[in-house]
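Values in this document were obtained by computation on a predicted structure and should not be read as measured data. Labels below follow one simple rule: chain letters A, B, ... track the order of the sequence lines, proteins then strands, and each chain is numbered from 1.
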Amino acid sequence: MSTYAVIDFETTGLSPNHGARPTEIAVVLVSNDRIIDRYQSLMNPGVHIPYDIQALTGITNAMVQKAASIGNVMKQAAEFVGSHPLVAHNAAFDQKFWDAELERIHLPRHQKFTCSLLLSRRIFPDAPNHRLGTLVRTFRLPDTGRSHRALADAESTAYLLLHLQNELMRRFKLSAVSHDLLLAIQSKSRHQLEACVRNHKC
DNA sequence: TGCCAGGCCCTCTTTAGGGCCTT
């Protein structure tokens with residue numbers, strides 16, 4: 001089974017194109033149906049964290065004031081990730097920040113992102129909704145602590161990834177789920193995946 | 001303090017609009 005690097009950012013806003021910067025990152029490595037390693041760090045964004053985001057994440061300006069610089073943290077995180085495929089919930093969001101911050105320190109990204117939100121929409125279209133917290137409760141995944149903190153959300157995403165893989169193995173009678181299969185399912189429309197299920201091939 | 005986004009997906013669609021999801 002592939003080893004995946006599941007990442008989650010907490011940030012000062014929604015878009016790096018409008019000045020938002022990361023305040024925290026976590027990376028968990030998943031292999032052989034379990035979490036095998038973790039990396040987590042606060043970082044000093046150098047910009048004010050809006051009050052509503054402090055309330056959402058619990059990460060305050062005081063907490064990040066003495067944290068390491070974003071550049072140093074991102075370098076460590078990139079080394080921790082190595083060449084493993086990246087996974088995130090709503091990966092488009094985390095990918096924007098990952099790419100923007102790596103570009104600032106002149107580091108490239110080689111691997112593709114897999115999105116557990118897109119996979120969840122394909123595989124469990126009837127879930128109440130596809131927010132990470134809802135999926136954790138719906139599938140009774142392990143409690144990882146305070147949501148909207150990077151390590152807790154990264155671990156929840158990791159358990160969701162394992163749940164998705166197990167469901168695919170059950171549904172398609174597979175002994176393992178390759179990274180290529182995840183990418184293929186992610187790229188299919190919901191209706192295409194339903195056709196795959198009906199035809200027992202995907 | 002509040003505002004700032006953008007890709008995906010559905011449908012009352014495709015010459016569009018709006019909800020979902022991330023912080």
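Between A:Val27 and A:Val6, every side-chain heavy-atom pair lies at or beyond the 4.5 Å cut-off. The shortest side-chain heavy-atom distance between A:Val87 and A:Phe113 does not fall under the 4.5 Å cut-off. In this structure the side chain of A:Thr23 reaches within 4.5 angstrom of the side chain of A:Ile49, judged on heavy atoms.
Taking side-chain N and O atoms only, A:His148 has a distance below 4.0 Å to OP1 or OP2 of B:dT23. In this structure, A:His130 reaches the B:dC21 phosphate: one of its side-chain N or O atoms is under 4.0 Å from OP1 or OP2.
Distance from the side chain of A:Arg121 is smallest to B:dC8 among B:dC8, B:dA5, B:dT23. When the nucleotides B:dC21, B:dA5, B:dT23 are ranked by their closest atom to the side chain of A:His18, B:dA5 comes out on top. Ranking B:dC3, B:dT23, B:dT22 by closeness to the A:Asn90 side chain, first place goes to B:dT22. Taking only side-chain atoms of A:Asn17, from C-beta outward, the nucleotide of B:dC3, B:dG6, B:dT23 with the closest atom is B:dG6. Minimum atom distance to the side chain of A:Leu132 is reached by B:dT22, of the listed B:dT22, B:dT23, B:dC21. The side chain of A:Leu118 has B:dC8 as its nearest neighbour among B:dC21, B:dA5, B:dC8.
Across all strands, A:Asp8 comes closer than 4.0 Å only to sugar-phosphate atoms, never to a base (heavy-atom distances). At the heavy-atom level, A:Thr23 lies nowhere under 4.0 Å from the strands shown. Contacts of A:Asn129 with the nucleic acid, taken as non-hydrogen atoms under 4.0 Å apart, involve only primed sugar atoms and P, OP1 or OP2. Nucleic acid contact class of A:Phe97 (heavy atoms, under 4.0 Å, all strands): none.
A:Phe113 places its CZ atom 20 Å from the P atom of B:dC21, with the value rounded to the nearest Å. Rounded to a whole Å, the CD1 atom of A:Ile25 is 15 Å from the C1' atom of B:dT22. Rounded to a whole Å, the OH atom of A:Tyr51 is 20 Å from the P atom of B:dC4. Distance A:Phe93 CZ to B:dG7 P: 14 Å, rounded to the nearest Å. As rounded to whole Å, 15 Å separates atom P of B:dT22 from atom CG of A:Leu119. Across the protein-nucleic acid pair, A:Asp52 atom CG and B:dC3 atom C1' stand 10 Å apart, rounded to whole Å. Atom NE2 of A:His48 and atom P of B:dT23 are 19 Å apart (whole Å). Computed from coordinates, the A:Arg149 CZ to B:dT22 P distance equals 17 Å when rounded to whole Å.
Residues A:Ala92 and A:Arg131 each lie close to DNA chain B; by heavy-atom proximity, the contact nearer the 5' end of the strand is made by A:Ala92.
A distance of about 11 Å separates the C1' atoms of B:dA16 and B:dC12, rounded to the whole Å. Look at the P atom in both B:dT14 and B:dG18: the space between them is 13 Å, to the nearest Å. B:dT23 and B:dG7 are spaced 16 Å apart, taking the C1' atom of each and rounding to whole Å. Here, B:dC20 and B:dG2 have their C1' atoms 23 Å apart, quoted to the whole Å. Taking the C1' atoms as reference points, B:dT13 lies 15 Å from B:dC8, given to the whole Å.
Of the possible donor and acceptor atoms, none in the side chain of A:Arg121 sits under 3.5 Å from a partner among the backbone N and O of A:Ser116.
Remark: the A:Ser69 side chain and the A:Asn72 side chain contain an N/O donor-acceptor pair separated by less than 3.5 Å.
Taking 4.0 Å as the cut-off between side-chain N and carboxylate O, A:Glu24 and A:Arg149 count as a salt-bridged pair.
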